[in-house]
Amino acid sequence: MFLYQDGVLLSSAVRALDALGLLNPAGYPDRPDNGYLRVAWRSLASVGWLDESARAWTDEGRAAMRHRERYVAGGRFLSRFTSNAPDSWAHPWAAPTEMAFSDVLDTHEHWRSSADPSDVVTAHLDGALAVPALLSLRGTRGLQRPEGEVARLLTLLGWLDGDGSWTPFGRAGLAMVDHMGMVGSYLPMLARLEQLCRGEVLVEPGDGEWHCQRQLNVQASAAAHRRYFADADPVFTEIFSHTPRPSFVADMGCGGGNWLAHLHGLLGDDVRYVGIDASRVALDYARDVLEAAGVREPLLLQGDIGDPGALREQLAAHGLAIDDGLHIRAFLDHDRPYLGGDPRADLPGWSTGAYVAPDGRPLTAAEVESDLVEHLRRWVPHVRKHGLVILEAHSVAPHVTRRHLGALHSVAFDAYHGLSHQYPVEHSAFMRCCRIAGLQPVSHLERRYPTTRPFVAVSLNRLIPVQPAPRRIPTERHDTWRPGPGTDRTDGEGLHHLLFTEGDVAHPRQWCSGATGIVVRDTLRAIEARIDGAGRGDVVRVLDYGAGTGLASIELIKACVAHDVEQRLADRGATFELHLVDIPTSWFAQGYELLREHPWTRFHALRTGGAFRPLIDVMAGEQVDAVLANMVFHLLTGEAMRRTADSIAGVLRPGGLLSFSSPDLGPASAYSMLFHDPNRLLRRHWLAALDSVEPHSLASPLRDAVARVRPEERASAQRRADRRILPTPQTRTSVAAALAPHLHGTVERRTYELLAEESLMTALVPANQAEYLAEITDRGLREAVIHHLMHEQVLPELMHGPAGTALGLNIEWTIGRYERSR
């Protein structure tokens, strides 16, 4: 179904570019340039027909252009659908359109008789006819029993069998017909793509829009978004389970009101529902939907997402204070009016989209990201109480999109949004802009879609204004370990900056925040369950095993503060303790420095002298309610993992929770890799340089480093490297087997993007580099070798592989939730 919608967009683009005389697989003339043209060229790059510069044809593109006439014919037929009247799909096609469809179908049927049915081109050309045909059946209520030429097409495509009944394939497709309205709603705009590319006309969003059939768009959006609305329920349940509760929910860009109607089913009548949209058509539709859902006196306002100040005044006129409400929006922040950002802002322009300014000129990614930052900043003063809940769609880089055709909607989505002056950006760029604007995600509530591919098409976040880290120096500490005076924390600081952007504990890096957030979420649920049954004198205890620099504990403290855990326990006469346990290292010393001012924390050494201590001894015989082990288990070999499982089981109370995450348990999926795979490849390249038969031909830093290595030290250095990063990673199966005698539970797999710069930072963490490339004793030379190999060999090789993302690598995490048997 994604390929069908891609076919609508590509047929329209090829028709326009062909009419402009710009399609020449042998090369290009000087190309005119405006924003709309850039979007069209990018769509061809996204499907793999042009290279990453969108200027040179690929072999796939030259092969596709052999069918150029068929794409042009499909685009010419699609250009007949120019009306954006609300009832434009509710009537049968006029006779000229019926005749044109019959003619193009005759030719397509003949062409398809010798075409490869599994070829992407075949799906494109099928879709250019199937999408308008199915939307017409939908609008005229003819889907139950298609007739005439449309039935002939659906039989050709395998949707209908010989007697006109729906096949299993056709029935599956019927479930997606509503979704086709996404690209179908933009057919009036695609019909005039040639004029847009010539600069003869502009798209002007808002009232009086000509480019979109808004009613179809609203209906298609409701169908496409339904799944995400249900997935967001836990976010609202958490928000409304604590006081003070929002007095209203305001859906900016409410469209047809479907999310508000859904929330009414979840939250009931104790909250006011406010829908805001720029389109009167959408508000009229929303009024009917909310009335049917039984929503009492919904407040529906016409408003602009780019002007929260005006919304504040509108709400005040109805007796509502803007900051007393919970503000939500679904797929709207990219649909804001472009106002421009701070020209002095130093934004990297991570996004790869093609963007159009209001006057039709191209916009750079940096301009769009700067505008996004300013847009979000305008909202920050109004959401300090309850934050923002944002579902957002993201663009996907063309070099990633082309590897996943049919598994994502980005070819069509990025193009019709770009042409209609909308500004979706890559997920990593969006989250960076949120941080710069002063918003931080509640990591344990985050969702990303899909969960295992090297791209994020949709994200769900609760964003709150940046909060200072909670600090309250305890009158006395209850640690059994503290770092000694003058402890060198350089290595710990290096790891801390890898985990938190610029070392700021308000902003955990995206590569680790998602998996850590799941561990925190599960641990928080265990704490909540204990609060409900706590009595006077009880102590709720959590143990952070292998705490390192304190990432998981820091995130858990944030969540506990937000949930008022301490006061709720105090009301019952109970208390809370967070015990951090690890081997005494620079990493653990950094964790102590970060958390020594928090009264809940207690630090303990896992090892004294050369011996590891059972956790029950570390805890002086006290059992704990939950153990979290974040980024630990992949470091343990089989026997060590079994001992650890025994130790954890020994300290957990019956029914207690173990929640863990690991980014380096194998095997990785087809579209991901493990966290230390770049480091393993780095070492292979280094060893290849050491064994080079022509060391004088190596690049400068490698040549110098090889010349200084003494052969007799290599065996010792290899042992150190193998201890630092296991040459063959542990597996999730072996971890599960070690836990099985004492605990029962499940594991899941998710992937998160590790930016290229973060992969480099991982290799440069002082202890990592000193142990992993121990043959090179000079730190400056060692770092030069790491920079050279990562930039010249490791990252280019991996980023162009199946796990490559727009800006880095898709890292697979194993996340487990286990309970001790009662």
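Atoms considered below: every heavy atom in the structure, side chains included; atoms not considered: hydrogens, waters and symmetry mates.
In terms of modelled atom types and a separation under 3.5 Å, the side chain of W511 and the main chain of F675 share no donor-acceptor contact. Using a distance-only test at 3.5 Å, with no hydrogens or angles considered, no donor-acceptor pair links the side chain of T452 to the main chain of R750. In this structure a side-chain-to-backbone donor-acceptor pair under 3.5 Å is present from R477 to T601. Not a single donor-acceptor pair under 3.5 Å links the side chain of S647 to the backbone N or O of R643. Side chain of H496 to main chain of G503: a donor-acceptor pair is present (N/O by atom type, distance under 3.5 Å, no hydrogens or angles). Judged by distance alone, the side chain of E577 and the main-chain N or O of R602 form no donor-acceptor pair under 3.5 Å. At least one donor-acceptor pair closer than 3.5 Å links the side chain of H394 to the backbone N or O of V425. Between the side chain of D324 and the backbone N or O of S247, no donor-acceptor pair lies under 3.5 Å. Here the side chain of S553 pairs no donor or acceptor atom with the backbone of G550 at under 3.5 angstrom. Side-chain atoms of R820 come within 3.5 Å of backbone N or O of L652 as a donor-acceptor pair.
There is a side-chain donor-acceptor pair under 3.5 Å between H634 and S662. A donor and an acceptor atom, one from each side chain of S428 and Q510, are nowhere located under 3.5 Å apart.
Dense packing is recorded around CD of Q567, with more than 12 heavy atoms of other residues, nucleotides or ligands lying under 6.0 Å away.
Counting only residues at least two apart or in different chains, ring-ring contact (aromatic ring centres under 6.0 Å, His included) contacts with residues 525-545 are absent.
To the nearest 0.5 angstrom, L658 atom CG is 10.0 Å from R817 atom CZ. The distance from the CG atom of D625 to the CZ atom of R653 is 4.5 Å, given to the nearest 0.5 Å. In this structure, the separation between CZ on R541 and OG1 on T575 is 7.5 Å, given to the nearest 0.5 Å. The CZ atom of R272 lies 12.5 Å from the CZ atom of R296; values are rounded to the nearest 0.5 Å. L615 contributes atom CG, which lies 11.5 Å from atom NE2 of H579 (distance to the nearest 0.5 angstrom). For the atom pair CZ (F633) and CG (D664), the distance works out to 14.5 Å, reported to the nearest 0.5 Å.
For the pair R245 and F240, the cation-pi criterion (under 6.0 Å, within 45° of the ring axis) is not fulfilled.
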Using salt bridge (Lys or Arg N to Asp or Glu O under 4.0 Å), reason through E528 and R525 one step at a time and then give a plain yes or no. CA-CA 5 Å; E528 294 274 2; R525 288 175 179 171; over 6 Å; no
Audit row: H386, D323, side-chain hydrogen bond (donor to acceptor under 3.5 Å, both in side chains) steps and yes/no: CA-CA 8 Å; H386 304 294; D323 54 348; over 6 Å; no
Test side-chain hydrogen bond (donor to acceptor under 3.5 Å, both in side chains) applied to N630 and S661, step by step: CA-CA 5 Å; N630 204 45; S661 73; 2.4 Å; yes
Apply the test side-chain contact (heavy atoms from CB on, under 4.5 Å) to residues I328 and L263: give CA-CA distance (whole Å), side-chain angles for both, the deciding distance (0.1 Å), then the verdict. CA-CA 11 Å; I328 69 174; L263 287 175; 3.6 Å; yes
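When every heavy atom of V520 is checked against every heavy atom of A552, the shortest pair comes out as CG2-O, 4.0 Å. Contact detail for P508 and K558: the closest heavy-atom pair is CD-NZ, 3.8 Å. The two residues H604 and T480 have their closest heavy-atom pair at ND1-OG1, 2.7 Å. In terms of heavy-atom proximity, R453 sits nearest to P450 at CB-CG, 3.5 Å. In this structure, M631 and P663 approach most closely via the heavy-atom pair CG-CD, 3.9 Å. Summarising the geometry of A515 relative to W813, their closest heavy-atom pair is CB-CE3, 3.3 Å, with the distance given to 0.1 Å.
W259 is linked by a ring-ring contact (aromatic ring centres under 6.0 Å, His included) to F229, F236, counting only residues two or more places apart in sequence or in another chain.
Aromatic ring pairs are classed by plane angle as parallel below 30°, tilted from 30° to 60° and perpendicular above 60°; the pair Y228 and H225 is tilted. By the 30° and 60° cut-offs, the orientation of the rings of W481 relative to F588 is parallel. Between F576 and W600, the ring-plane angle classifies as perpendicular under the 30° and 60° cut-offs.
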Please tabulate, for the side chains in residues 433-445, all donor-acceptor contacts under 3.5 angstrom to protein atoms that are two or more places apart in sequence or on a different chain.
unit_1, atom_1, unit_2, atom_2, d
S443, OG, E555, OE1, 3.3
H444, NE2, E238, OE1, 3.2
H444, NE2, E238, OE2, 3.2

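A salt bridge does not link R448 to E753: none of the charged side-chain nitrogens sits closer than 4.0 Å to a carboxylate oxygen.
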